[in-house]
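Just so it is clear, the model here is predicted, and its values are computed rather than measured.
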Amino acid sequence: MGNCMARPSSKDGNSDHHVDFAAGNVQLITSRESWDQKMEEARKDGKVVIANFSASWCGPCRVIAPYFCELSEKYPSIMFLIIDVDELTDFSTSWDIKATPTFFFLRDGKQIDRLVGANKPELLKKIVAISDSIVQYQ
């Protein structure tokens with residue numbers, strides 16, 4: 001299972017091929033205000049939120065980002081958010097992120113599940129389970 005524990009020591013970042021983390025229906029969270037806004041929106045719409053705490057320097061994050069985007073298009077009843085742990089350090093710390101990527105599954109702003117690491121089969125399994133529960137929840 002891939003996940004990143006620490007930033008690579010020397011890297012200029014220019015050699016990285018760019019990965020668009022916020023593609024498909026994935027929305028990039030750039031502030032605590034935008035997080036609160038999305039949580040409120042999800043509450044109103046009765047949507048489950050999947051928050052992906054990621055980092056641009058993290059290899060496994062880059063690997064799973066396109067898959068996360070793909071899933072966001074396949075499951076429009078779920079709100080997909082991405083948070084860059086380096087952009088929102090204090091906010092990420094408040095979620096006790098130990099490794100990236102970490103996925104939080106939230107209903108009404110409360111954590112219902114969590115997944116650490118770029119584990120595609122497990123991510124899909126949890127999303128399918130949540131998608132099935134949304135149908136029963138409504």
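- Using a 4.5 Å heavy-atom cutoff, the side chains of Ile29 and Leu88 are in contact.
- In this structure, Phe53 and Phe104 have perpendicular ring planes: the angle between them is above 60°, well past the 30° mark.
- At least one side-chain heavy atom of Ile127 sits less than 4.5 Å from a side-chain heavy atom of Ile50.
- No salt bridge links Arg43 with Asp108; every basic N to acidic carboxylate O contact stays at or beyond 4.0 Å.
- With hydrogens and angles disregarded, no donor-acceptor distance shorter than 3.5 Å links the side chain of Asp45 to the backbone of Lys47.
- For the pair Ser72 (side chain) and Cys69 (backbone), a donor-acceptor distance under 3.5 Å is present.
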Stepwise side chain to side chain contact (heavy atoms under 4.5 Å, CB included) test for Lys125 and Glu122: CA-CA 5 Å; Lys125 193 168 107 184; Glu122 196 57 29; 3.6 Å; yes
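- Ile112 places a side-chain heavy atom less than 4.5 Å from the side chain of Ile130.
- Phe80 has its ring centre no less than 6.0 Å from the ring centre of Tyr75.
- A 4.5 Å side-chain heavy-atom check between Trp95 and Ile83 finds every atom pair outside the cut-off.
- The shortest side-chain heavy-atom distance between Trp57 and Asp86 falls under the 4.5 Å cut-off.
- Separating the CG atom in Leu28 from the CG atom in Asn52 is a distance of 10.5 Å, to the nearest 0.5 Å.
- In this structure, the side chains of Cys58 and Pro101 come closer than 4.5 Å at one or more pairs of heavy atoms.
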